[in-house]
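Inspection log for the structure reproduced underneath, given as structure tokens.
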Amino acid sequence: MSASSSSLCGGDPAMRSVVWFRRDLRVEDNPALAAAARAGGEVVPAYVWSPEEEGPYYPGRVSRWWISQSLKHLDASLRRLGAGKLVTRRSADAVVALLQLVRDTGATHVYFNHLYDPISLVRDHRLKEMLAAEGIVVQSFNADLLYEPWEVVDDEGQPFTMFTAFWNRCLSMQYDPPAPLLPPKKINSGDLSMCPSEDLIFEDDSERGSNALLARAWTPGWQNADKALTAFLNGPLADYSVNRKKADSASTSLLSPHLHFGELSVRKVFHLVRMKQLVWSNEGNHAAEESCTLFLRSIGLREYSRYLSFNHPSSHERPLLAHLRFFPWVVNESYFKIWRQGRTGYPLVDAGMRELWATGWLHDRIRVVVSSFFVKVLQLPWRWGMKYFWDTLLDADLESDALGWQYITGSLPDSRELDRIDNPQFEGYKFDPHGEYVRRWIPELVRLPTEWIHHPWDAPVSVLQAAGIELGSNYPLPIVELDAAKARLQEALSEMWQLEAASRATMNNGMEEGLGDSSEVPFPEELQMEVDRQRAQATANVVMTVRRREDQMVPTMTSSLNRAETEVSADLGNSEDTRAQVPFHAHFHPRVEREDMIQNTEGPALRINGTHQHNIFQQPQNHRREALAPSVSEASSSWTGREGAVVPVWSPPAASGHSETFAADEADVSSRSYLDRHPQSHRLMNWSQLSQSL
DNA sequence: CGCTGTTTCGC
DNA sequence: CGAAACAGC
């Protein structure tokens, strides 16, 4: 290594570290950065933009905008602490880019913080192996969670399978989550002249206008996240328990995008909220105390989403309860488009979809409403909906969204039942009792009295006329009647059980695998074509010049922008669906990639007693063995944590989470036992027998 | 009232 | 299903 030449800085002159930033874009309570700073050598902060790795989950426009802003903010903070500029690299493969960066800088150490999505689990494991092979010391840390997934287990040492039990255990752990770390006092900058940065491009010309609007409503960056937290703690938090059911977002924390990109430490949030809670508890302010409990529960759901992803890396693509894989989804792209455009004829659903489309934001309750409608009334494949959320939400988060959609779809043991259809009319009066939310987002209905605002189809003709509404013309009739939806849902469920039974019989007859898996419905053709178009674009490196006025706009309540929104809404009917302009990624070849991953991860860590483990996560005992026994030789890719306990080396799944072997494994090993262990599954079983006998 | 059958709702 | 809110006595 060339480190001997760099003796100008303090600390160990022979030491130079790379800190790899990902979704931990902060200097406060950032264990990887703290460790590098503490080590005393020169620190090279780095960011690699490698969205191709995300496969179909190439970040959407608003997410990319957020990253670009947040990186600028981070760079400025690092410079203030003495670091050189944030080194940026563009690559289709972050591991390759990191290795190159390490060679460029002559670094001997690499520090980063853990991520728990399936892609990262595999990639980070591969990185550790490759760096270790070159003699580089790698240390990785928990910066994203209160407790690492493997720390939270039931009395038998097994991972929890229901949220409530999981969260109760988190709240009653023997030790508190680590206290947040202060920012490093000083970071030694190395000589980065040999270490060029590459320009990162996060938006094209067509997106610039919409992105400029975003900046009016949101300020990315860790210090702004901190301000948002303080504002929330001192303001809306106390009334959270009362206000959280209102559809307009005045009472939500608005912290989710900050948390997603790691601008805000969840441990800091946790500790500060608990302190508030203690104060309010002592004051006897029960409502405020309850608010803290409820808010922390939503933090807990975020924790649980990582927990689920870690223990079931395929949870963003496949239902955890096996029988759901046989649900006959309605593959209807026209339904899908109508849902996206907010033209279902159910005002609350339509208002939500238009808000999402226009602003990239949606209140949690409304997310449940629109996704539940998607799955239960339209019976569209839930992964389509999840993908759309991914493309459009400002706080798009694969783990959280997978949890949410699986919950709605009834494919988690503690989900709500699939056969219980939520009535958007009733929910409308619950979450939006005066119809203000609907009127804000559906200008067509602005003159409709509150009495009819959530069910215009029942309104007398005279009322509709007075409001200027002609159903089926300027506002649609319900796309599907709820009674029809219920009937179709019952039918679909009994078909699901028949298929499930048939599959089970097939497997009992010695077949390796059961019948097909309805969760593998591909994304719609038009979106596939979009992929191709984006691919062509990326390859040619062509910058789009067409301004797409239908692109998402900014969250705002100002009247001027409301008017702009009105125009766009009026457009919806005849404009082609342009929402698909959030790029999909350029070089996505699922099968090839999958094989790559299998090869790449066939390292020593995946071999236990010489036997290849298809998927360590699916088999708790293996996972635990792996997790708890990192050998000394792997010291470079593990670390010594609290109380001297060794924190595990990452044990990635064999594939990104959807290989055929994995499917067999999971259906057999995981989901069936999963099914057997859970009360609700039994409930569903009873129901199925009932419906089959009809 | 306080008791209890019924409905609602849950990540 | 099971806790909690609710309605009815």
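Naming: A, B, ... by sequence-line order, numbering from 1 per chain.
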- Rounded interatomic separation in angstrom, taking CD from A/E399 and C1' from B/dC11: 16 Å
- Given atom OH of A/Y307 and atom P of B/dC11, what is their separation to the nearest angstrom? 17 Å
- Message: Would you say A/K430 places a side-chain N or O within less than 4.0 Å of OP1 or OP2 belonging to B/dT8?
- Response: no
- Task: For A/F327, enumerate each residue passing the ring-ring contact (aromatic ring centres under 6.0 Å, His included) test, keeping only those at least two apart in sequence or located in another chain.
- Result: A/W329
- Rounded off to whole Å, could you give me the CG-to-P distance for the A/D414 and B/dG10 pair? 13 Å
- Query: Between B/dT8 atom C1' and A/E427 atom CD, what is the distance in whole Å?
  - Reply: 13 Å
- Sugar-phosphate, base or nothing in reach of A/D364, heavy atoms under 4.0 Å: base
- State yes or no: are the ring centers of A/F295 and A/F232 separated by less than 6.0 Å? yes
- Note on the structure: Residues passing the side chain to side chain donor-acceptor pair (under 3.5 Å) test with A/R169, sequence neighbours excluded, are A/D155
Donor-acceptor pairs under 3.5 angstrom involving side-chain atoms of residues 364-381 of chain A: please list them, not counting sequence neighbours.
unit_1	atom_1	unit_2	atom_2	d
A/R367	NE	A/L362	O	2.8
A/R367	NH1	A/D395	OD1	3.3
A/R367	NH1	A/D395	OD2	3.4
A/R367	NH2	A/L362	O	3.0
A/R367	NH2	A/D395	OD1	3.4
A/R367	NH2	A/D395	OD2	3.0
A/S371	OG	A/R367	O	2.6
A/S371	OG	A/V368	O	3.3
A/S372	OG	A/D422	OD2	2.7
A/K376	NZ	A/E417	O	2.8
A/K376	NZ	A/R420	O	3.0
A/Q379	OE1	A/R488	NE	3.4
A/Q379	NE2	A/K376	O	3.2
A/Q379	NE2	A/A485	O	3.4

- Which part of the nucleic acid, if any, lies within contact of A/R420, taking any heavy atom under 4.0 Å across all strands shown: a base, the sugar-phosphate backbone alone, or nothing? base
- Query: Sequence neighbours excluded, which residues qualify as side chain to side chain contact (heavy atoms under 4.5 Å, CB included) partners of A/N282?
  - Reply: none
- Task: Give me the residues of residues 365-377 of chain A where at least one heavy atom lies under 4.0 Å from an atom of DNA chain B, by number, or none.
- Result: A/R365, A/V368
- A/L321 CG to B/dC11 C1', straight-line distance once rounded to whole Å: 14 Å
- To the nearest angstrom, the OH-P distance between A/Y304 and B/dC11 comes to 12 Å
- Query: Between B/dC11, B/dC9, C/dC1, which nucleotide gets closest to the side-chain atoms of A/F163?
  - Reply: B/dC11
- Task: In whole angstrom, give the distance that lies between atom CD of A/E290 and atom P of C/dA4.
- Result: 11 Å
- side-chain N/O A/R297 vs B/dC11 OP1/OP2, d < 4.0 Å: yes
- Query: Rounded to whole angstrom units, what separation is found between the CD1 atom of A/I421 and the P atom of B/dT8?
  - Reply: 16 Å
- Classify the angle between the aromatic ring planes of A/W457 and A/H455 as parallel (below 30°), tilted (30 to 60°) or perpendicular (above 60°). perpendicular
- Message: Among residues at least two apart in sequence or on other chains, which ones pass ring-ring contact (aromatic ring centres under 6.0 Å, His included) with A/F270?
- Response: none
